[in-house]
Amino acid sequence: VNSEPKKLKFSSELLAPCISCGFCLSACPTYQLTKDERSSPRGRISLMREYQSDLLPLNDPTFQEESSFCLGCRACEPVCPANVKYGALLEEWRDLAWTKTKLSIRVRILKTAVRLNPIIKFVGWIRGSAKLSKANIEPNDKYLMLGCAERILFPQVSRAAIKLCPSLKVPNDQGCCGALQAHNGSSDLGRKMASELGVALPGLIVTTSGGCAAHLVGVLGRDRVKEFSEFIVETNSNPILKSSNIKKIMVDGHVARIALQDSCHLRNGLSVFKEPREIISGLGEFYEISTAKVCCGAAGTYSLLRPKDSKKILAPKLKEILESNIDYLVTLNPGCYRQMSKGLRKSGVKVVHISELLDMA
Amino acid sequence: LISELQTIVGQKHVLSRVGDLVPFKRDATPLFQGLPDVVVFPKNTKEVQKIIRFAAQNSIPVIPRGAGSSLTAGTVPIHGGIVLVLTRMDKIIEISSSEMLAVVEPGVTTAGLAGSALKQNLLYPPDPGSKIVSTIGGNVATSAGGLRGLKYGVTRNYVLGLEIVLGSGEIVRTGGRLWKDVAGYDLTRLMTGSEGTLGVITEIIVGLLPAPEFSLTGIAYFKNLSLAASAVSSIISQGIMPATLEFLDQKCIKAVENFANLNLDLDAGALLLFGDDGTIPAVTQNLHKMAQICRDYGGYRIEIASDLTRSDDLLEARRCSLPALSQLAPTLLLEDVCVPRPKLAKMVEEIDRIAQKYKVLCATFGHAGDGNLHPTIAFDENDPDARERAIAAFDEIFNLAIELGGSISGEHGIGAAKLPYLERQLGNDQMNLLRRVKSAFDPKGILNPGKLGS
């Protein structure tokens, strides 16, 4: 697949801007967990720079370990006044460090699986994701992206989305956006897959996954992609949000108390975080948990690769949610959906995607 | 060395492979780096004591480190040795509202302490720009200042007592829980600002104040920094002692606006933030008075924040000035000179002249009310000529500050970065006294060598 020669260094223009001020330490979930400079964005950039200057070999254990201990949540980006594009650096880092032989077998299977379009289509169909539309593909149309993991794991999300926005077209011939590839050591392939998806869905792409939205924007541009909650608020296409029709969601006779888990890349990469809050506030009693903007530990393949660390990252959030008397926790991304559902399985808190919440009202 | 340290703190808390050491080569200071031989993370005072004793026996340098946000290379192991990271000692031991004090371990962050105090309606006033990351241990070691210095003073004014491990390994408690206590030399005050060269701070007692019921910030624009400086002198001479008087020049305004999108006026030559806290009528009255004085000195587009969020945003603009300036060039050489308030306007004009003389890009922001300025030279460290000119300008600004009766450092400290300039301010006799003081605390000279007292 990769015909270009593999890059052996970081892009120096990405490494240059960091002035090591340390403002990122406070926002970094792994630094907050360990209080260890190695596990901070600044410390990781020090490692990258050392490698860049040939003072550290590629197989240095810390260089390898930190490339995988990092969640890739990009919480360091909005707090960085020097504008360091850490997410882009991490993609390059994993391209360098996560060579095939070093990659865990589970991730290798996953990376291959999401490219098997016929299987995804078939399982998605069995599971009952949104009904496909037979209409022609037109460049000025708006399309609902089904995704790979979500199409299979949470088919109810796209079902709800299309019910709320029936004008969106849903072509069958659409694959994975490539975010999974880009975040797991194959950024060239990840970009290629995003471009292909941009051809398959030639107009505006509406996605119910914050992570996919951020990756697609990086390749196709901001004006081609809208995350679902952003789409709802901006187009005001949903009658539920119009005050005359608002019917609050009730639980046991009281207005539902609803919290949100931000999607990291949606918030930190695309600055979308007001929109879902606006929607929820219209549907129930919105309760802001203080850890909403902190990664839940799903972080793409992280929960598979590092289950123990993933649980440690999740723990304080679960504690806060369980103490806050919440009825619903809203997610904006399939990875978070899965992680939070697992974490809250035996609690009374129901985890939903924002499209399902809208559908309920 | 490694196995000895491992027996003290446990294998997990000792780092010695090169990849593990690299992140500890530097702090927030450019141009200074040094690879430690080993990094240790002690959990309590006893462990610190054992490490220090071992290091003293073997004459190994020990460099205490908190979050590594030093701006003077204060935590860079320039002679190698043991980097002693205190972030695992991060307990808030007690916050007492009846005694109005807090007892904390050194690894607690400044914002963490302030936040916990506020829950009990108490104020920890020092608020350095890096408060969300910086540790109290580091704040005490540098007597960190901040945006409220004018009214509330700096870290030094709040430290009541310390537990320290001396360079000899003895554990000493200085001061205590009292605001009044003159038994013995004031070692608490000596330790505050000692930059890890006299002892390792392992526990801190700080005084707290009742939290003010209200605070508010205003903003005014000026044609140039010098006019803003004159307005500041006038505000203070009229007997107003506000919590905040901060200014930014045009280059800072642009960099900050680019990062924070606060709708700042990009054409203005300077921006002044003025703020106060206290009762609602007193704060409102002070803000209006200050707004009027700004107007008298040619200030325009004067705005008093409509609410707390806008107020916080404005202060945040000031806090992120330094890192935001990195958009100008990859390396920032930051000064921290402090001059008597009446000399502020003169200092600002002279900095401009020096910047032109050496053809350097210099942006200035600072705590106008304290006379504390942060002229910041942005350059590319890979360009030897640019680097030389930046250092020459830096040098001349130091001389200027001393000439005007000021100091080469208001709040960041000396570290390794400013040590070569310290003698100009203190003179030879005082430098020798500093060295004798250091040797009383640290006879083997193992604590943070190459910094203060060396």
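Quick caveat, the model's predicted, so the values are computed rather than measured. Note on naming: letters A, B, ... go to the chains in the order of the sequence lines (proteins, then strands), and numbering restarts at 1 for each one.
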### Task
Identify the two heavy atoms, one from A:Ser26 and one from B:Ile132, that lie closest to each other, and give their separation to 0.1 Å.
OG-CD1, 3.2 Å

### Query
For B:Arg17 and A:Pro61, which heavy atoms make the closest approach, and how far apart are they?
NH1-CD, 3.2 Å

### Query
Using a cut-off of under 4.5 Å for heavy-atom pairs, which of B:Ser69, B:Ala67, B:Pro30 has the most such pairs with chain A?
B:Ala67

### Task
Measure distances from A:Leu56 to the heavy atoms of chain B and classify the residue's part below 4.5 Å as side chain, backbone, both or neither.
side chain

### Query
Rounded to the nearest 0.5 Å, how far apart are CG of B:Leu332 and OG of A:Ser20?
11.0 Å

### Side chain / backbone / both / neither for A:Tyr31 at chain B, heavy atoms under 4.5 Å
side chain

### Query
Are there more than 12 heavy atoms of other residues, nucleotides or ligands under 6.0 Å from atom NZ of B:Lys251?
yes

### Query
What part of A:Glu50 is in contact with chain B, defined as an atom under 4.5 angstrom from a non-hydrogen atom: side chain, backbone, both or neither?
side chain

### Query
In a check of side chain to side chain contact (heavy atoms under 4.5 Å, CB included) between A:Arg38 and each of B:Val39, B:Leu21, B:Leu15, which one passes?
B:Leu15

### Message
Measuring only between side-chain heavy atoms, which start at C-beta, is A:Leu47 closer than 4.5 Å to B:Pro23?
### Response
yes

### Task
Answer yes or no: are there more than 12 heavy-atom neighbours, outside B:Gln11 itself, under 6.0 Å from its atom CD?
no

### Task
Evaluate the side-chain contact (heavy atoms from CB on, under 4.5 Å) criterion for residues A:Asp36 and B:Thr87: first the C-alpha distance (whole Å), next the side-chain angles of each, then the deciding distance (0.1 Å), finally the verdict.
CA-CA 8 Å; A:Asp36 180 338; B:Thr87 48; over 6 Å; no

### Query
Between A:Pro57 and chain B, which part of the residue has a heavy atom less than 4.5 Å away: side chain, backbone, both or neither?
neither

#### Entry: More than 12 heavy atoms of other groups within 6.0 Å of B:Lys43 NZ
yes

### Query
What part of B:Arg88 lies closer than 4.5 angstrom to a heavy atom of chain A: side chain, backbone, both or neither?
neither

### Query
When only pairs under 4.5 Å are counted, which of A:Val79, A:Ile19, A:Thr34, A:Leu25 shares the most heavy-atom pairs with chain B?
A:Ile19

## Note on the structure
With chain A, the option among B:Leu325, B:Val18, B:Thr29, B:Asp20 that has the most non-hydrogen atom pairs under 4.5 Å is B:Asp20

### Task
Could you tell me which portion of B:Asp90 (side chain, backbone, both or neither) has an atom closer than 4.5 angstrom to a non-hydrogen atom of chain A?
side chain

### Gap between atom OG1 of B:Thr109 and atom NZ of A:Lys35 - 0.5 Å precision
6.5 Å

### Query
Is chain B contacted by the side chain of A:Phe23, its backbone, both, or neither, given a heavy-atom distance below 4.5 Å?
both

### Message
Please classify the contact of A:Arg42 with chain B as side chain, backbone, both or neither, using a heavy-atom distance under 4.5 Å.
### Response
side chain

### Query
Any side-chain donor-acceptor pair under 3.5 Å between A:Ser46 and B:Arg26?
no

### Query
Which pair of heavy atoms, one from A:Pro81 and one from B:Pro323, lies closest together, and at what distance?
CG-CB, 3.4 Å

